[in-house]
Amino acid sequence: MANIKPLLKPLVFIAMLTPLLWLFWQWGLLFMGKTGALGANPIEASNRFLGDSALKLLLLTLMITPIRDITRWPAITRLRRMVGLFAFFYASVHLVSYFGMDLLFSIPALLKDIAKRTYITLGMTAFLLLIPLALTSTNAMIRRMGPKKWAQLHKLIYAIAFLAVLHYFFMTRGNQPGPWLHLGVLLILLGWRIAKWLPARRLLSMDTGPKMGK
Amino acid sequence: MIRVSKPWELSENQCTPEKLYLDRRQIIGSLGLSCGLVASGAIAKPPAPDLPLVAKTSKWSISDPATPEKLATSYNNFYEFGTDKSDPAKYAHALITRPWAITVEGEADKTGTFSVDDLIRPDELEERIYRLRCVEAWSMVIPWIGVPLRKILARFEPNSKARYVQFETRFEPEQMRGTRWPVLDWPYVEGLRMDEAMHDLTLMAVGMYGRHLPNQNGAPLRLIVPWKYGFKSIKSIVKIRFTANEPTNSWKKSAPREYGFYSNVNPKVDHPRWSQATERVIGGGSFSSLFNRRDTEMFNGYGEAVAQMYAGMNLKKNF
Ligand code: HEM
């Protein structure tokens, strides 16, 4: 156990990079004239794969605290920043893949889409909100902001996760199971926090109750 | 692109499906298994998808190179088998396509239940190479084999009240795993105005690429309405209903702001999710063609043949 610890971060780093490496490999196959796992419409498949990866990593980021609570293994929180930054990274590649391969880098087309298509508006909002979180994910920034303000800013992750799931809802046609599944996971992760927060608050109000009566 | 011989172009000496059926029964007979049960079991089996189909050529075919068959049979929107494009090819084999009954109801004199093999007459089969334009802004070119729908509908003798015709897809959760979740209000339904249904371009397809339809492409019989978005071309049909009033269609029911009854391909009317001005051409062959888009044509290029049916209609309102 003791000597796996220094390996943990590099291992997780490689694991998080694997989906992108796989995607590059598939494009390599396509370049050599072979149809790979991306199928008949590789651009669509890539955009979706990247969006799925970004959302899954976003939820994984939110999963770290419950996992810590359940396993009582505090060291795992040291992975949270990396997972969160990978979520941002995949969202960025998702955006670039859409902007580049679908819109062929046309800024007017992107602006038109953001204004016109609800799911793009939602996705873009989620992405823009992720930027300040990514920028402040350094030790220096935490020191500069102070842990309290920093933690407050990073509560944005909940709104971002909701926007991302909403983006998924609005993107799919019909009433598909995928968005519901991700919403379910998000609600459980939020519920975990509320369940932790509620008893703590009740204890607090019991403490202050009598004082306020005076 | 060089066009080599197409796999679905058959030489004269190849057997008709009927002959193959007979051969199969003869083989079974010669093996001494000639009890009636076995023989009728053999007939009730779905035709193997690799059985060749013989069809006449058609003046309606376009000359664009066909999408590779492998792509047309592995990239499908058939939500009854799952919402991922690769799901139908993975799961549609569970659908049993023989025996297959089609119920005909409503405003017609000859209603009732018919077997698919009675409705499709082999001598009426035509090959039609059509462009298929999906509402998701991609297109394929597919050599369908089928019978003009008008020839089939005429046999039911629709009466003077029949102004529309509605179609219904099979709904069988046991065999169609996608229907266990209410993606749409199952069963899937679609409709056409009578003049659209009777237009010579409208095809009841039973095959593609020279063979019987694979299940993921709508076996054993499906509609092809080439000037409308793909979702109008309803698959695996079990019901045909003649109606006096405009029938509902599943996508319109699901999202009336996004999908209408007509759903004619129209580059000028955007869908809230996709611009319809251009389309990605699936399966161009080269690496760079993966990025190819072509300008979407009004009525998917079939305007000359169909535009007069919509003369005087506001196509932005009737999308
Ligand atoms: C936090 C940011 C984002 C997350 C987590 C996210 C996630 C997702 C997810 C889960 C999907 C559905 C994938 C599927 O159906 O399998 C999706 C699809 C999509 N997203 Fe995002 N997204 C984000 C930001 C964006 C942005 C900024 C854009 C573009 C400006 C965008 C454009 C798209 C498009 C175009 C699709 C649909 C692709 C298609 O139709 O094939 N997304 N995204």
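The sequence lines fix the lettering, A, B, ..., with proteins before strands; numbering per chain opens at 1. Note that this is a predicted model, so its numbers are computed, not measured.
Taking Ala40(A), Gly178(A), Gly39(A) one by one and counting their heavy-atom pairs under 4.5 Å with chain B, the maximum is reached by Ala40(A). For chain A, the option among Trp274(B), Tyr259(B), Tyr79(B) with the highest count of heavy-atom pairs below 4.5 Å is Trp274(B). Looking only at heavy-atom pairs under 4.5 Å with chain B, the residue among Gln176(A), Arg173(A), Met101(A), Lys116(A) that has the most is Arg173(A).
Looking only at distances, no side-chain donor or acceptor of Arg280(B) sits under 3.5 Å from a matching main-chain atom of Ile43(A). A donor-acceptor distance shorter than 3.5 angstrom exists from the side chain of Arg273(B) to the backbone of Met171(A), with no hydrogens or angles considered.
Ser254(B) and Gly174(A) get closest at one heavy-atom pair: OG-CA, 3.9 Å. When all heavy atoms are compared, the tightest approach of Trp138(B) to Asn41(A) is CD1-ND2, 4.3 Å.
How far OG of Ser86(B) is from CG of Leu38(A): 11.0 Å, rounded to the nearest 0.5 Å. If you take OG on Ser275(B) and CG on Asp102(A), they are separated by 11.0 Å, rounding to the nearest 0.5 Å. The CH2 atom of Trp181(B) sits 8.0 Å away from atom CG of Leu181(A), with the distance rounded to the nearest 0.5 Å. Between the CZ atom of Phe31(A) and the CG atom of Leu290(B) there is a distance of 11.0 Å, given to the nearest 0.5 Å.
A salt bridge links Asp270(B) and Arg117(A); the closest N-O separation between the charged side-chain nitrogens and carboxylate oxygens is under 4.0 Å.
Within 6.0 Å of atom CZ in Arg144(A), 12 or fewer heavy atoms from other residues, nucleotides or ligands are found, so the atom counts as exposed in its surroundings. Atom NZ of Lys70(B) is surrounded by 12 or fewer heavy atoms from other residues, nucleotides or ligands within 6.0 Å. Heavy atoms of other residues, nucleotides or ligands lying less than 6.0 angstrom from CZ of Phe99(A) number more than 12. Atom CG of Leu135(A) has more than 12 heavy atoms from other residues, nucleotides or ligands within 6.0 Å. Under a cut-off of 6.0 angstrom, the local environment of CH2 in Trp180(A) is sparse, with at most 12 non-hydrogen atoms contributed by other residues, nucleotides or ligands. Atom CZ of Phe287(B) sits in a crowded spot, with more than 12 heavy atoms from other residues, nucleotides or ligands closer than 6.0 Å. Atom CZ of Arg78(A) is surrounded by 12 or fewer heavy atoms from other residues, nucleotides or ligands within 6.0 Å.
Sorted by first and then second residue, the salt bridge (Lys or Arg N to Asp or Glu O under 4.0 Å) pairs with a member in residues 51-76 of chain A read Asp69(A)-Lys196(A); sequence neighbours excluded.
The part of Trp251(B) that comes within reach of chain A is its side chain, from C-beta onward, which places non-hydrogen atoms under 4.5 angstrom from that chain. With a 4.5 Å cut-off on non-hydrogen atoms, Pro182(B) touches chain A through its backbone and its side chain both. Both the backbone and the side chain of Trp27(A) come within less than 4.5 Å of a heavy atom in chain B. Contacts between Ser288(B) and chain A at a heavy-atom distance below 4.5 Å are absent for every atom of the residue. When heavy atoms are compared at a cutoff of 4.5 Å, Asp84(B) does not approach chain A at all. Residue Pro42(A) touches chain B through its side chain alone, counting heavy-atom pairs closer than 4.5 Å. Proximity to chain A (any heavy atom under 4.5 Å) is restricted, for Glu136(B), to the side chain, taken from C-beta onward.
Proximity to chain A among residues 168-175 of chain B is not found for any residue, judged by heavy-atom separations below 4.5 angstrom.
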side-chain contact (heavy atoms from CB on, under 4.5 Å) between Thr35(A) and Leu71(B): does it pass, once the steps are laid out?
-> CA-CA 9 Å; Thr35(A) 322; Leu71(B) 301 185; 4.1 Å; yes
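For the pair Val183(B) and Pro177(A), the minimum side-chain heavy-atom distance is below 4.5 Å. Counting heavy atoms from C-beta outward, Leu184(B) and Asn175(A) have side chains that stay 4.5 Å or more apart.
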